[in-house]
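For reference, the structure discussed in these notes is given below.
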Amino acid sequence: MNFQQATFQASYGTFSQLPPCIGMEIAFAGRSNVGKSTLLNKIFNRKALARVSAVPGKTATINFYRIAPVTFVDLPGYGYAKVAKTEKRRWAELIDGYLESDRDIQLIFLLLDMRHAPSRDDLQMIDYLVAQEMPFVIILTKADKLNQSQRKARMEAFAEEIPYFDEIHIIPFSAITREGVETIREVITELAEAEKMEK
């Protein structure tokens with residue numbers, strides 16, 4: 001796959017606006033400000049295809065990107081406290097609506113900040129994905145912010161904090177050092193190749 005060929009398709013603010021599914025989709029989920037837009041730009045090797053906001057909770061839409069045969073879906077960040085309840089409800093309806101629809105969601109990349117224990121929202125999302133038997137990979141962002149001993153300590157803590165930790169594919173990621181970028185691309189390419197073989 002030529003990741004630089006990614007194109008921005010559209011943004012949608014409500015579930016009812018979403019276009020029909022045209023093939024396999026890979027979604028990116030995580031709490032506000034965890035770095036989803038930054039990760040997408042690194043995967044696509046583009047500076048600003050995904051708009052990075054300095055304000056947490058700014059991505060309040062579902063954003064669609066595409067490199068055939070894959071549609072990449074950037075879900076709104078969850079768990080940001082400083083927004084109105086009506087706005088939170090709209091985000092929840094967007095995320096739940098998308099995940100519970102009959103779209104061809106092949107994988108979800110769930111982003112967690114490597115520096116901190118998972119939030120209650122993070123754990124709810126993990127429990128949901130496990131209960132729904134949806135395939136997912138955890139990406140630990142901001143890996144460069146920790147030294148080796150801090151990193152080791154966090155990984156040991158995650159093993160206790162995250163249910164089914166040993167059974168989940170975990171990828172540490174850094175936007176600064178590009179750690180994890182190639183691994184994430186390999187996972188995506190493998191799914192895309194499998195999709196082509198089936199057709």
Side-chain angles (χ1 to χ4, degrees), residues 1-80 83 87-88 90-101 103-113 119 121-122 124-126 128-129 132 134-142 171 173-175 178 180-181 183-185 187-189 191-192 195:
M1 281 179 87
N2 185 343
F3 284 90
Q4 277 186 292
Q5 287 183 341
T7 55
F8 172 71
Q9 303 282 284
S11 290
Y12 302 96
T14 61
F15 176 68
S16 61
Q17 293 175 330
L18 297 191
C21 179
I22 59 169
M24 68 175 288
E25 296 183 350
I26 293 176
F28 294 78
R31 59 183 307 180
S32 298
N33 224 26
V34 75
K36 292 191 302 301
S37 301
T38 301
L39 172 67
L40 283 162
N41 285 331
K42 291 298 173 188
I43 293 170
F44 299 147
N45 203 21
R46 303 275 284 281
K47 277 212 167 73
L49 185 63
R51 294 167 189 81
V52 178
S53 171
V55 183
K58 201 69 179 162
T59 307
T61 52
I62 290 187
N63 299 325
F64 283 68
Y65 305 87
R66 185 155 174 83
I67 314 168
V70 185
T71 299
F72 297 87
V73 183
D74 182 13
L75 297 172
Y78 54 75
Y80 187 54
V83 289
E87 188 70 347
K88 274 190 184 169
R90 185 177 67 79
W91 293 2
E93 284 168 4
L94 253 182
I95 297 169
D96 294 348
Y98 174 78
L99 293 175
E100 289 169 14
S101 62
R103 304 178 78 87
D104 184 15
I105 305 168
Q106 295 272 330
L107 184 69
I108 291 161
F109 284 113
L110 178 60
L111 280 65
L112 306 179
D113 188 326
S119 68
D121 291 313
D122 291 327
Q124 276 182 345
M125 180 62 88
I126 292 166
Y128 173 83
L129 296 174
Q132 298 298 315
M134 298 183 84
F136 70 100
V137 168
I138 288 178
I139 296 177
L140 298 175
T141 65
K142 309 182 188 187
I171 304 173
F173 163 75
S174 163
R178 298 183 61 83
V181 172
T183 308
I184 295 163
R185 285 177 172 173
V187 171
I188 294 166
T189 303
L191 284 171
E195 179 81 355

Short question: side chain of Gln17, backbone of Thr14 - any donor-acceptor pair under 3.5 Å? yes
Between Asn63 (side chain only) and Asp74 (backbone N and O only), is there a donor and an acceptor less than 3.5 Å apart? no
Met134 side chain near Leu99 side chain, heavy-atom distance below 4.5 Å: yes
So which of Ile126, Leu129, Leu111, Ile108 actually passes side chain to side chain contact (heavy atoms under 4.5 Å, CB included) with Ile138? Ile126
Nearest 0.5 angstrom please: Ser174 OG to Leu39 CG, how far? 11.0 Å
What I'd like to find out is whether the side chain of Val73 reaches to under 4.5 Å of the side chain of Ile62, using heavy atoms alone. yes
For a quick test of reading the model, state the closest non-hydrogen atom pair linking Pro76 to Leu94 and the distance between them. CG-CD1, 3.9 Å
Of Ile43, Asn45, Ile184, the one forming a side chain to side chain contact (heavy atoms under 4.5 Å, CB included) with Phe3 is Ile43
Exercise: do Thr7 and Gln5 side chains pair donor with acceptor under 3.5 Å: no
Taken to the nearest 0.5 Å, the spacing of Leu18 CG from Tyr12 OH works out to 7.5 Å
Could you note down all residue pairs passing salt bridge (charged side-chain N to carboxylate O under 4.0 Å, His left out) where residues 12-24 supplies at least one of them, sequence neighbours left out? none
Spatial distance of atom CG (Asn41) from atom NZ (Lys36) [nearest 0.5 Å]: 12.5 Å
Side chains of Leu140 and Ile171: closer than 4.5 Å at any heavy-atom pair? no
So which heavy atom on Leu75 is nearest to which on Ala29, and how close? CD1-CB, 4.0 Å
Which pair of heavy atoms, one from Met125 and one from Leu110, lies closest together, and at what distance? CG-CD1, 3.8 Å
Residues in side-chain hydrogen bond (donor to acceptor under 3.5 Å, both in side chains) contact with Asp104, at least two apart in sequence or another chain: Gln106
With salt bridge (charged side-chain N to carboxylate O under 4.0 Å, His left out) as the rule and sequence neighbours excluded, what pairs involving residues 1-29 come up? Glu25-Arg103
Residues at least two apart in sequence or cross-chain that pass side chain to side chain contact (heavy atoms under 4.5 Å, CB included) with Lys42, listed by chain then number, are Phe173, Ala175, Arg178, Val181
Partners passing side-chain hydrogen bond (donor to acceptor under 3.5 Å, both in side chains) against Ser101 (at least two apart in sequence or in another chain): none
Test of understanding: with side-chain hydrogen bond (donor to acceptor under 3.5 Å, both in side chains), list the residues that count as partners of Ser119, not counting sequence neighbours. Asp122
Would you please name every residue forming a side chain to side chain contact (heavy atoms under 4.5 Å, CB included) with Glu100, sequence neighbours left out? Asp96, Tyr128
Could you grab the distance from atom CD1 of Ile95 to atom CZ of Phe15, nearest 0.5 Å is fine? 13.0 Å
Salt bridge (Lys or Arg N to Asp or Glu O under 4.0 Å) involving Arg185 - partner list, sequence neighbours excluded: Glu182
Going by heavy atoms in the side chains, are Arg31 and Asp113 under 4.5 Å from each other? no
Set of ring-ring contact (aromatic ring centres under 6.0 Å, His included) partners for Tyr98, sequence neighbours left out: none
On a heavy-atom basis, the closest approach of Ala192 and Met1 is CB-SD, 3.7 Å
Set of ring-ring contact (aromatic ring centres under 6.0 Å, His included) partners for Phe72, sequence neighbours left out: Phe44
Report yes or no: does Thr61 contribute a side-chain atom to a donor-acceptor pair with the main-chain N or O of Gly13 at less than 3.5 Å? no
Please enumerate all residues that pass side-chain hydrogen bond (donor to acceptor under 3.5 Å, both in side chains) together with Thr71, with sequence neighbours excluded. Arg66
Could you check Leu107 against Val137 for side-chain contact (heavy atoms from CB on, under 4.5 Å), going step by step and ending with a plain yes or no? CA-CA 8 Å; Leu107 184 69; Val137 168; 4.0 Å; yes
